[in-house]
There are 2 protein chains.
Amino acid sequence: MRATIKDVSREAGVSIKTVSRVLNNERYVGAATRARVQEAVTLLNFRPSTAARSLAGRRSFQIALICDNPSPYYVYEMQSGIRDRCEADGVRMIAQPYDRNSVTLLDDVESLVDATNVDGLILTPPVTDYPAVLDLLARRGVRFVRISPGGDVDLTSSTFIDNEGAARMMTEHLIGLGHRRIGFIAGHPSYATSAQRRNGYLEALQTAGIAADPALTVEGSYDFASGAAAAEMLLSLDVPPSAIFASSDDMAAGALTVAHRRGISVPGQLSVAGFDDTALAGFVWPPLTTIRQPTRQMAYQAADLLLAGEDAPVERREIGFELVVRDSTGPAEK
Amino acid sequence: MRATIKDVSREAGVSIKTVSRVLNNERYVGAATRARVQEAVTLLNFRPSTAARSLAGRRSFQIALICDNPSPYYVYEMQSGIRDRCEADGVRMIAQPYDRNSVTLLDDVESLVDATNVDGLILTPPVTDYPAVLDLLARRGVRFVRISPGGDVDLTSSTFIDNEGAARMMTEHLIGLGHRRIGFIAGHPSYATSAQRRNGYLEALQTAGIAADPALTVEGSYDFASGAAAAEMLLSLDVPPSAIFASSDDMAAGALTVAHRRGISVPGQLSVAGFDDTALAGFVWPPLTTIRQPTRQMAYQAADLLLAGEDAPVERREIGFELVVRDSTGPAEK
DNA sequence: TTGTACGCGTTATCAC
DNA sequence: GTGATAACGCGTACAA
């Protein structure tokens, strides 16, 4: 049978309230008393009931992850990072894998908040920028933290990477190798990161004095199939690009597969680069050059911000990225 | 503010208990009364508190997924399938992404059971066959269902596919194409499915009268890197195989990458086949022939079994698989 | 068919 | 520092 606080208090010879004090690390408990209580807790293998705690107290020791993303790897990294941080605080994570086409999202979130009394939520793109969701949470007075938000940065704490800077760096790298016609596969417009990455690409071109050919930018939706389709378009151009820069690793993998199918050797005839949010493409096809985004760390830091406490100030925490070069070839000779 | 049962009862002009009856679909409620209550529930946007329910009643409306698997795609499919089924019953899923090397697994599970009072658990390989975990759960009298268990099939309900038959079918397919030296990359021995799949491979060879060369079976651990390493070994043999059959898609992807790196064309000089638990390799590299395992369905059905109720009999539910042929070439000419 | 009284295991409040 | 006691929001048992 489960042990209760009552059992512990009897075992330690103190009152129920004192046990509760020890469990919650409150002050005003004698060192000796505290020790005896802790002993009893260990002896009886006692774990407080989350249900009772959340009913009686202000905290529920649960947070939720609202994750809605086309990449399972991304979701997995998110969950792992958050769980790592939560463990330290004895907080449990409720993960909700949402269908990104769900029309009941808003209702689901409200239901979650009402039913579970979570202490807070972590939002990932593109939900980070859904006004309806943000409004709802603000109205309900629920704490939440956002990962890679596109705007309203003063609304809540958030973690992010410099997507614009990263895209610029990658584009500069490609230009440095001699590439002049660089295809760009953008992410889905509902993600704020898509525009940020595209801007970085365009800036680098401008700085280098290269005119941006609109035909070289194709819109994808962050998944494999759209990357493949975009690459088909780019490689079918009269003057195809000598390099393709994809806004996600899944799309980069799609582009690589298309190149392979068409008998184009990578690298050599074509260079492929991509953002790598999930470490997927990086290992599937070694010659890929990537911007390595530490998704797991972003998640960990987001959880850290959320667990910081109710009156912690709004904080924007920037996470570093890394340029991983696995292909240093320039454009093929004419 | 959250609405409570009290608010609803006042709004509908009935007692608290009657509202509770409607919420739980109990009998002995007048149709008119029921309608009025439901109206009030909708009006006030009422959602019962999970904490209060689990404290007062026998159910907590929460189940947990103990998932410990090297493939993020697998984990994602599991979560999605389970969540789909849970949604219909208003049950919430607590997903625990465990580190497969965690030494605190047993403690974590017990902590989960004690703290959350989950109505049940779903176990995935290899935890499905950890005696310590099975003992613990049985001792605590907690319901649980297992996915692809290796033994003790009468202990709990479970879902599974015929791994042996599937591996046999794939091997027969390869033999039918003319392959005689077929390399096999086994899964990690802690997974019961590894042995099942290997057995199917060996049976097919025997039936076809092909002597099994021990050097052609290499042990992997279900992930990309081990698949690559295994392929290196197989392709370095004095007489390398003309086909490689991997026990998972990640390992198949690893094998494909190695072949590519060595300048071996697939298909043509080498055929690659694999189990596809996650739809990963299938799209990354089209020529791959796979056993398509409907992971999501296995999860859905597992949740269905778990939610069936306390006194549902132990049931083994078999899920169908599919042989997806994308390469019909035989061994290369000598 | 409906309502009343009680208890679930914990935290909050306020005494001591 | 420590302890009684009242909540928290719901389901259960039993009465009406």
Side-chain angles (χ1 to χ4, degrees), chain A residues 1-38 40-41 44-62 90-92 113-119 310, chain B residues 1-38 40-41 44-62 90 92 111 113-119 310:
Chain A
M1 297 301 96
R2 279 188 76 258
T4 70
I5 278 206
K6 206 169 179 178
D7 300 325
V8 177
S9 70
R10 198 179 305 131
E11 178 71 29
V14 297
S15 78
I16 291 184
K17 177 57 196 169
T18 300
V19 176
S20 174
R21 283 201 180 89
V22 173
L23 293 175
N24 295 296
N25 273 315
E26 289 175 30
R27 292 162 305 180
Y28 309 129
V29 185
T33 315
R34 167 161 275 142
R36 256 190 308 144
V37 170
Q38 260 150 0
V41 165
L44 299 176
N45 217 309
F46 167 78
R47 335 255 187 184
S49 150
T50 303
R53 293 183 115 174
S54 87
L55 192 56
R58 255 181 235 96
R59 303 181 56 192
S60 71
F61 296 89
Q62 294 187 319
V91 168
R92 222 161 284 278
V113 169
D114 278 339
T116 65
N117 265 300
V118 283
D119 297 332
E310 294 193 18
Chain B
M1 296 299 95
R2 277 189 77 259
T4 70
I5 278 208
K6 206 169 178 179
D7 301 324
V8 177
S9 70
R10 198 180 304 133
E11 178 71 29
V14 297
S15 79
I16 290 184
K17 176 58 201 171
T18 301
V19 177
S20 173
R21 283 201 180 88
V22 173
L23 292 176
N24 294 299
N25 273 315
E26 290 174 31
R27 290 163 308 182
Y28 308 129
V29 184
T33 315
R34 167 161 278 145
R36 255 190 309 145
V37 170
Q38 259 150 0
V41 165
L44 299 176
N45 218 309
F46 168 75
R47 335 255 188 185
S49 150
T50 303
R53 294 182 112 175
S54 86
L55 194 54
R58 254 181 236 95
R59 304 181 54 192
S60 72
F61 297 87
Q62 292 187 319
R92 222 162 283 277
S111 171
V113 169
D114 279 340
T116 65
N117 263 299
V118 283
D119 297 332
E310 292 193 20

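Chain naming here is simple, since letters A, B, ... match the order of the sequence lines and numbering starts at 1 in each. When reading the values below, keep in mind they use all heavy atoms of this one structure, side chains included, and skip hydrogens, waters and symmetry mates.
Under 3.5 Å, the side chains of B:Asn24 and B:Arg53 contain a donor-acceptor pair of N or O atoms. Side-chain N/O atoms of A:Asn117 and A:Ser54 include no donor and acceptor closer than 3.5 Å.
Put simply, the residue from B:Leu44, B:Asn45, B:Thr50 that forms a side chain to side chain contact (heavy atoms under 4.5 Å, CB included) with B:Arg47 is B:Asn45.
One finds no side-chain N or O of A:Thr18 lying less than 4.0 angstrom from the OP1 or OP2 phosphate oxygen of D:dG1.
A straight line from OH of A:Tyr28 to C1' of C:dA15 spans 16 Å, rounded to a whole angstrom.
A:Ser54 comes within contact range of no nucleotide atom at all, as no heavy-atom separation falls under 4.0 Å.
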Scoring nucleotides 7-14 of chain D by protein non-hydrogen atoms under 4.0 Å (B base, S sugar-phosphate only, - none) yields -BBBSBB-
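Here the CZ atom belonging to A:Arg92 is positioned 11.5 Å from the OG atom belonging to A:Ser60, to the nearest 0.5 angstrom. Atom CZ of A:Phe61 sits about 11.0 Å away from atom OG of A:Ser49, to the nearest 0.5 Å.
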